Structure formats: C-alpha cells, structure tokens
J.: 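Next up is a structure, given as structure tokens.
Keep in mind the model is a prediction, meaning the values are calculated, not measured.
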Amino acid sequence: MKTLIIAEKPDMGRTIAAVMEPRAKNNRTYLEGEKYIVTWAIGHLLGLAEPDAYDAKYKRWNIKDLPIIPEQFKIVPNPKTKDQLKIIGELAKRCNAIVNACDAGREGQYIFALIQQQLKLRQPVKRLWISDLTAESIASGFERLRDASEFEFLTQAARARSEADWLIGMNASRAFTTRHNALLSVGRVQTPVLALIHDREKEIEAFQSQTFYDVWAEFKQDQIKYKGAWQGDRLTKPEEAEAIAAAVRGKTGKITKYDVKQTKEYPFKLYDLTLLQREANAKYGYSAKKTLDVAQALYERHKVISYPRTNSNYVTEQNIDGMHKALRMLGTGPYADLVQQANPNLVHKQNKAVCNPSRVEDHHAILPTLKRPGTLSKEEQNVYDLIIRRFLSHFFPPAEYKMHTVMTQVDKHLFKTSIKELLSLGWKVVLSKADQDKGKKSKAPKKEEEEETDEWTDKKFEIDAGRPVDCTRAEMKEKATQPPKSYTEGTLLKAMESAGKQMENEELREVMKDAGLGTPATRAATIERLKKVGYIEMKGKKILITDKGKMAIDLIRHAGVDLLASPEMTGQWERRLHQISKGEAAQEKFMDNVKKFTLSIIDKVRQQPPAPANAFGEEARGKRLGSKGATRSGGASGSTTTQGAARAPSRRTNNSGEASSLEQVLSSAGGHTAAASDSAGSSSSVSAARASSAEPSGTSPGQRQTLGSCPRSNCGGSIIEGRKGYGCSHYKQGCGFVVWKEYAGKQITETMLKSLLTKGQTQLLSFKRKDGSTVKARIVLNEPGTGQLSVREEN
C-alpha cells in the first residue's frame, strides 16, 4: 500500500509531489505516484460547531441560557470544502501510512489533528517539519521524518487555544450583545488589543500640552561651527529665554568639558514575522495582513524565503551553511555589488547576534532560500528587498562613530553639544540610498528635555578645547510637550508582542515574546477583525477607535471583568499555551480556569444595566441586534472563522421570558449616562445624584473628599467625586450642580475642576478640529447653578 501525504494547501501539495513523485498522475484534487499519494486541506476544513449543534434553544440568543460550556466539543466540516474532506477520507482507505505535511506550526498541527479526528484515521503518522519549500528542504525533510507523538503537546496547545477562544467568544459576545441590545464582539485576544487602543486614545484626549522654551546658540572656532542647547531648568516664560539668548549673543565663550568616545552600531536582528510587518508598515504603509499575505506568497508560490510565520530572530548552527550558499546565490543579480563587498566570515556559529539556538523553537528567522525569484509584484519585491537587505547586513562589520560631547560656557550660561561623527558606514551600506538619506535627516525619538544629536556624515569634527569660541548666533525656540502618538499597525504589533508593556529594552521584550497577545500568525487577523466589527478605523496610518469600540471597552470594564480587557493578563494566557506546547503545563488545568472565568463573565454581565440605544455611535447604526447583516459576532482570537459569537437573533426574550421586538427592547432600556439622563428629561438634581452617588457601597457623601464649595448661590454644599462626574453633596436637597468627567473629548481632572470652581475656566488646552488641525481653547463654566460648560477659543 501507499503513503498518504496531507499538505495544508494545494500549492504546497503540488510542490511536495514535484519532489517526491515527479511523475505522479494529476487527479485535480490529489496527485498519485508509485509510492505516495499527495493531497491537501484548503486551510481549515473543520471547525468547532456552533452552539445550536448542542441544543436547538441556542439558535435564539438569551442571556438566561448562558453559559454554554460543552462537555465535549463537536467539530463540523466547512460546507464550502466538505468535498475535499471526503476525498482525503477515501484516499486514506487506500494507504497504510500518513505524513502530516501541513504548515510546521501550531495552526498547521491543529488542521491535521481535526482531519484525523473527524475521519477517524488509524494509520501511523509521521510529521514533515521543514522551514522552506525548496526541493532540497523537502527531500531532506522526508529523509528525517519525525514521529507524530513528538508533537502531541503542540496539538494539545492548539486545541486549548481554539476551545478557550470558543468559550470566551461565544459566551461573552452573547452576554454583552443581549444585555446591551447591540452586536458586540468580545474575544480572548481581540478585546485586550482593543483595550490597548482605547487606553492610548484616552491618554491623548486627557493630555494637556504645556508650552516651554529652549535656547540654542551657534559657536565657531576657525572653520568649525557647532550648535549647543542651553542647560538648566525648563523655561516656561518667553522673556526668560529671550534674555538668555541676548546675554550670550556675540560673546566669547570657553569649552569647559570635551569628551570623545568611539561607538559601534551593529546590524539589526534578522526578521521574525512581527518585525517584518512593523517595518513594512513604517516604510510602505502595508497593513499587517498585507505583509503576511505577501510573505506567504514569497514562501508558498515563489519559494524564495523560508517559513514566514516565525517568532524567532535567530538561526541554528545547521542554518549557517545555507546562509553562505544564499549569499553566493545573490552574487549575480541586483544585489551583486553588495555581495562582492560582503564578508562571509562574519556569519558563523559563534556569532550570537545571528546564531543562537536557544532562541529558536519551531522555526528560525526569515531567510532567503537558494531559489532565485522570478517575476514578483511590486509589493512582493518590496517585502523581498527588506528581507534580503536585512540578511546581507550581517555579512558586514558594524558602523563606527566618534561621539563628541562638548560643554560650552558663555558668561554664566552653559550649553551642551552632542555630535555623532561617522567613521565607517559598515553594514549600513546595504540600506537603500533613500533609507541612508532618511537616517541622516531623522532624529531618534526622544523626550522633550533631551538634546538633539547632530550627525556629521561627510566631514570631520575637530576642535581645540583650550581655545575660546565665538557665539555667532543665539535664539529662543518655542516648543510644546507632545501627547502620545496614536497607534499605527506597526506600533500596535510591537505592543501586542509584549502584551502592551512599553519596553524599549529589546532583551526584556524578547523575554515577553512568549506572553504576547496572540501569535505572529494571528496578530494580523486580530487587527482585521477589529476593523470588520466596527471597533477601529484607519486615518492614514493611524488607528482610531470608534464610539462603538470605546463603549465596548467601557462596558466590559464597568461589568467588573477587567481580565477580559487586560493585555498583560491575556498575554500570560498565551504564555501558558506556549508552556502546554512544551509539556510544561497541563491542558486540563488551563481549560478549567477558562471555564471558571467564563462563568464569572456571565454572572457579572447579568447585573449590568443596559446601555442606551445611542451609546454606540453612528457606525453602529444598522448593526443593532437583529438588524440585517448582523450575522456574526466576535472572533475571540481575531480570526474570521466561527470561533466567536454565532448568528445574531432577530428577536430576544424579555425578563418575563416573552419574545419582544427590538424596538420594544430599546424603548424600555434604562439609560445610565449623562446623555441618556438629559434626553429622558430627568431633572438636573437626578443627574447630580447619578454623578455623585456612583461610589463604592458604604461610602456616604459626607465621608467623601471635598473638592471645593458648590458655586450655586445659597447652596452651601460641597463638590464631591462620583464615578461619572463631580456633583454637589446637597443633591438630595435639590441642588443640581454637576460637572461630568468627560467633556468635549477631554477628561476633567480634579485640577481642572478646581480651576473651574475658583476661576470659572481651565488652563489653556489643545483641541483637535475635525479637519485634524489644532486650536488652543479653555473649558469655561457657563452656568454656576448647573455646571454647564462650553469651549472658548483663544488666539
């Protein structure tokens, strides 16, 4: 009998057949030779069943029916590809052995495991585990096929990931959707990623820009000119800065300190998928999904790069020889000039910046294969070029610089100068001309108080510290503190990789890789999922959260299930899945914890007051619960498969168990925000009560911290903080003064509140117009009797 080879996709199957059975007969859905029959899946042929497969009552969404926790998970064929599944089953009956040739990773392992389970395959299984699809790698891989039992733990991790995502996605999405009457997608990975974006936007909105002033002076000694930054406490008054500039302008100064040291800059790490996606986004504006699709095409169709879905930036000792061969292959063609300058001796087994087996798990860093590219699309050429130049950089020495630090004193004022003088370009010759020029002009990201470093790339910096210098020019520069930047797909991927931890230290980021949000293979799909469900939108490269996205995170956090939106904690879950794949943690224990968490989500959502109908913004119109097109909700892992909430109902049951229309449900929903209170015609005193009484139980108004006196005439009450606003302690006596914590896109802090109470206005703030421009304005207390605010622009 023959051996059945099951690849993950048709292209991969045909590539394997060309090596193992070059004379195989092509039967459209499989190829058959003398020893092997090669067929393929088409991605996921099977998936976890929808809830109604367990009980018909789950077709109608009802919070009373939650949680849904199957004793044993059912799998069902994908209707679109069920014929291919049947073909695999028929071919298996003719074979006495099977080779799992799906992608060498967690998802590839899971695809095969589900096929094996559904078809009840009993034949012994071997595993093909290779990192590229060149003929040499395929032939070598079949010479050293591994036993399937070696990958049992990886299969367990894959099942745990899928089933955990189903439990969280199905239950949480149904709970929040039915409770708040809008289609809300909730998931184990996508929700904490959304929380990252939500919190960054909150930081930006709450940011209060401060104006400050720098003083710069230009000094000259013979033919050398250099600039220095004034050293001292931050200047907040322009007249102080101008006085310093005037005091030194045209004067003679002396050099009080001059340090010189040589530094080296080594090549950046080889690419893993996330790093490749980040750089393709920064340079070309490609989305994470676009880069993944292009890299996958370079791997599968063109076979010019190794397996791209890797999380490693290093190679093993076995890869060194292949890297040298790839260098020689690149010696003819567009990279020939660079290859001629390269030094093969720099890439060796002892070079830990390249060869570090302890940092390589399933797959090494992305490398070029020995196959020359044919015709590539523009996008394919761009991504391939990034990979090749990064690869070539490691065959070059480090770039060398001389760092000059000069302290210049004029009168009593001290100026600091930092100059980076280029000695040798080293590996940076591999950068494209545009990137080299960009590197010269751009400044490294820095805090406002840090000095700029001037790069001298085409001349030598020479100065005599013992001789005086002339201050030929001095000027004041107005600056402003800058808010955090909105996420781009590139910077979001970086945050996902470290579970949101802002780690500049690459070594620490490396340690956090096993505790990131999702995996390199799923992060792009998670971002696409957030776009699809209307939680985020793109403005150029910027990722902006929608009203619906903001409300989803607020509802989740107010429900008391913060873990669901916690990037760091969810990152630890991913770490545990990684431990399961290595046999270091138990799948059963992980799933028990997921089930307990699912129960707590349902209990807490049941107690939450429903959101008002207008809480989700314009983009949610037409996507309310039961509306046309609202057929899917929530991919917990960010995938577009059925691992999330299932079909949205067109009707739901009210608390008495009777079916009610969507309109009835929404008209009876109780509001719990300021907007809902006001639109419902409730008195301002009720608003004040809602603002000031939303404290933890057991805390009376008299026990809370007083933030100021109520400005309402003859009131005599005190302003106290509530969950949503600042209200008067005399609200029970009818005082309706309230200032809501969020106004005009700004968070009203205690400092701002006290300024409103005492001065009637806040300090000068920066506001963004709809066209993206910025305007300076103050928030003003218009009505001391009610707390009504307005925004007043200032020129």
J.: Going by an N to O cut-off under 4.0 Å, is there a salt bridge joining Glu300 and Lys9?
T.: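 Salt bridge flag = yes for Lys9 with Glu300.
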J.: Apply side chain to side chain contact (heavy atoms under 4.5 Å, CB included) to Leu133 and Asp11, showing your working.
T.: CA-CA 10 Å; Leu133 290 171; Asp11 279 353; over 6 Å; no
J.: Can you measure from CG (Asn281) to CG (Leu276) and round to the nearest 0.5 angstrom?
T.: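 It comes to 11.0 Å.
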J.: Before accepting this row, confirm whether a basic side-chain N of the pair Arg106/Glu574 lies closer than 4.0 Å to the acidic partner's carboxylate O.
T.: yes
J.: Taking Arg146 for the side chain and Arg127 for the main chain, is one N or O donor matched with an acceptor at less than 3.5 Å?
T.: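 The answer is no, because no donor-acceptor pair under 3.5 Å joins these two groups.
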J.: Looking at side-chain heavy atoms only, is the closest gap between Glu8 and Ile42 below 4.5 Å?
T.: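 The answer is no, as the side chains (C-beta and beyond) never meet within the 4.5 Å cut-off.
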J.: Do the side chain of Ser173 and the main chain of Val186 share a donor and acceptor less than 3.5 angstrom apart?
T.: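 A pair under 3.5 Å: yes.
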J.: Which pairs of donor and acceptor atoms, one on a side chain in residues 71-80, lie under 3.5 Å apart (sequence neighbours left out)?
T.:
residue	atom	partner	partner atom	Å
Lys74	NZ	Ala53	O	2.9
Asn78	OD1	Lys80	N	3.0

J.: Is there a side-chain contact between Ile88 and Leu45, using heavy atoms and a 4.5 Å cut-off?
T.: yes
J.: Just do the salt bridge (Lys or Arg N to Asp or Glu O under 4.0 Å) check on Glu489 and Lys531 with the steps written out, would you?
T.: CA-CA 12 Å; Glu489 290 204 24; Lys531 295 176 188 175; 2.7 Å; yes
J.: Taking all heavy atoms of Ala552 and all of Leu194, pick out the closest pair and write down the distance.
T.: CB-CD2, 4.4 Å
J.: Salt-bridged, Glu32 to Arg94, with N to O below 4.0 Å?
T.: yes
J.: For the CZ atom of Arg575 and the NE2 atom of His578, what is their distance to the nearest 0.5 Å?
T.: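 The CZ atom of Arg575 sits 8.0 Å away from the NE2 atom of His578.
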J.: Without swapping roles, check the side chain of Glu537 against the backbone of Ile543 for a donor-acceptor pair under 3.5 Å.
T.: no
J.: When the aromatic ring centroids of Phe151 and Trp129 are compared, is their separation below 6.0 Å?
T.: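 For Phe151 and Trp129, the ring centres are under 6.0 Å apart.
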J.: Short question: side chain of Asp55, backbone of Lys57 - any donor-acceptor pair under 3.5 Å?
T.: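 Here the side-chain-to-backbone pair exists.
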J.: List the atom of Pro610, the atom of Asn181, and the distance in Å for their closest heavy-atom pair.
T.: CB-ND2, 4.3 Å
J.: Heavy-atom distance under 4.5 Å between the side chains of Ile5 and Phe142, does that happen here?
T.: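 Side-chain contact under 4.5 Å: yes.
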J.: Classify the side-chain pair Ser140/Ser137 by whether it contains a donor and acceptor separated by less than 3.5 Å.
T.: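 Their side chains do not contain a donor-acceptor pair, so the 3.5 Å distance test is not met.
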J.: Quick one: pull up CZ in Arg309 and OG1 in Thr274 and give me the separation to the nearest 0.5 Å.
T.: 11.5 Å
J.: For the side chain of Thr191 and the backbone of Gly187, is there at least one donor-acceptor N/O pair under 3.5 Å apart?
T.: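 Yes: the side chain of Thr191 pairs with the backbone of Gly187.
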J.: Is the closest basic N to carboxylate O distance between Arg301 and Glu380 below 4.0 Å?
T.: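 Answer for the salt bridge query: yes.
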J.: Can you name the nearest heavy-atom pair linking Asn313 to Ala365, along with the distance?
T.: C-CB, 3.6 Å
J.: Using a 4.5 Å cut-off on heavy atoms from C-beta on, say whether the side chain of Val99 contacts that of Ile6.
T.: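 A side-chain contact is absent here, since even the closest heavy-atom pair is not under 4.5 Å.
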J.: Determine whether more than 12 heavy atoms belonging to other residues, nucleotides or ligands lie under 6.0 Å from atom CD of Glu150.
T.: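 Yes, the 6.0 Å shell around CD holds more than 12 heavy atoms from other groups.
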J.: Check for me whether the distance between the ring centres of Tyr535 and Phe616 falls short of 6.0 Å.
T.: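 For Tyr535 and Phe616, the ring centres are not under 6.0 Å apart.
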J.: Please find the pair of heavy atoms, one from Pro51 and one from Tyr58, that lie closest to each other, and give the distance.
T.: O-CD1, 3.2 Å
J.: To the nearest 0.5 Å, tell me how far Trp573 CH2 sits from Asn593 CG.
T.: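 Rounded to the nearest 0.5 Å, the CH2-CG separation comes to 8.0 Å.
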J.: Would you find more than 12 non-hydrogen atoms of other residues, nucleotides or ligands less than 6.0 Å from Lys582 atom NZ?
T.: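 Check passes, neighbour count above 12.
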J.: Hey, are the side chains of Glu163 and Leu48 touching, using non-hydrogen atoms and a 4.5 Å cut-off?
T.: yes
J.: With a 4.5 Å cut-off on side-chain heavy atoms, are Tyr110 and Ser162 touching?
T.: yes
J.: Can you check whether Asn96's main-chain N or O pairs, donor with acceptor, with Gln123's side chain at less than 3.5 Å?
T.: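 No, Gln123 side chain to Asn96 backbone: no donor-acceptor pair under 3.5 Å.
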J.: Is any side-chain N of the basic residue among Glu497 and Lys494 closer than 4.0 Å to the acidic one's carboxylate O?
T.: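 Salt bridge between Glu497 and Lys494, a charged N being under 4.0 Å from a carboxylate O: no.
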J.: About how many Å separate NZ of Lys93 and SG of Cys95, when rounded to the nearest 0.5 Å?
T.: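 These two atoms lie 12.5 Å from each other.
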J.: Do Thr177 side-chain atoms and Leu184 backbone N/O form a donor-acceptor pair below 3.5 Å?
T.: yes
J.: Take Leu367 and His364 through the test side chain to side chain contact (heavy atoms under 4.5 Å, CB included) and record every step on the way to the result.
T.: CA-CA 8 Å; Leu367 299 174; His364 55 70; 3.8 Å; yes
J.: Gln117 vs Arg159, test: side-chain hydrogen bond (donor to acceptor under 3.5 Å, both in side chains). Steps then yes/no.
T.: CA-CA 12 Å; Gln117 176 185 337; Arg159 285 188 188 279; 2.8 Å; yes
J.: Does Asp165 come within less than 4.0 Å of Arg161, counting only side-chain N to carboxylate O?
T.: yes
J.: So Asp147 and Glu152, do their side chains get closer than 4.5 Å, heavy atoms only?
T.: no
J.: Is a side-chain donor or acceptor of Thr522 paired with a backbone partner of Thr519 at a separation under 3.5 angstrom?
T.: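 Side chain of Thr522 to backbone of Thr519: a pair is present.
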J.: Show the nearest heavy-atom pair for residues Leu577 and Ala160, with the distance to one decimal.
T.: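 Here Leu577 and Ala160 meet closest at CD2-CB, 3.8 Å.
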J.: CE of Met569: more than 12 outside heavy atoms within 6.0 angstrom?
T.: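 No, CE of Met569 has 12 or fewer neighbouring heavy atoms, counting only those of other groups under 6.0 Å.
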J.: If you look at every heavy atom in Asp272 and Ser312, which pair is closest and at what distance?
T.: CB-O, 3.3 Å
J.: For Met20 and Ile138: C-alpha separation, side-chain torsions, deciding distance, then whether side chain to side chain contact (heavy atoms under 4.5 Å, CB included) applies.
T.: CA-CA 8 Å; Met20 303 309 297; Ile138 292 169; 4.2 Å; yes
J.: Could you go through Phe176 and Asn171, starting from their C-alpha distance and side-chain angles, then the distance that decides it, and tell me whether this counts as side chain to side chain contact (heavy atoms under 4.5 Å, CB included)?
T.: CA-CA 9 Å; Phe176 280 100; Asn171 285 283; over 6 Å; no
J.: I'd like to know if the side chain of His180 and the backbone of Ala611 have a donor-acceptor N/O pair within less than 3.5 Å.
T.: yes
J.: Ion pair present between Asp132 and Lys303, side-chain N to carboxylate O less than 4.0 angstrom?
T.: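 Lys303 and Asp132: not salt-bridged.
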J.: Report yes if the side chains of Thr546 and Ile536 come closer than 4.5 Å at any heavy-atom pair, otherwise no.
T.: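 With C-beta onward as the side chain, the pair stays apart.
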J.: If the threshold is 4.0 Å, N to carboxylate O, is there a salt bridge linking Asp293 and Lys289?
T.: yes
J.: Once rounded to the nearest 0.5 Å, what's the spacing between atom CD of Glu568 and atom CG of Leu196?
T.: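 It is 11.0 Å, given to the nearest 0.5 Å.
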J.: Test your reading of the model: is there a side-chain donor-acceptor pair from Thr526 to the backbone of Gln190, 3.5 Å cut-off?
T.: no
J.: With a cut-off of 3.5 Å and sequence neighbours excluded, list every side-chain donor-acceptor pair involving residues 597-606.
T.:
residue	atom	partner	partner atom	Å
Thr598	OG1	Val594	O	2.8
Ser600	OG	Phe597	O	2.8
Lys604	NZ	Gly560	O	3.1
Arg606	NH2	Ile63	O	3.0
Arg606	NH2	Leu66	O	2.7

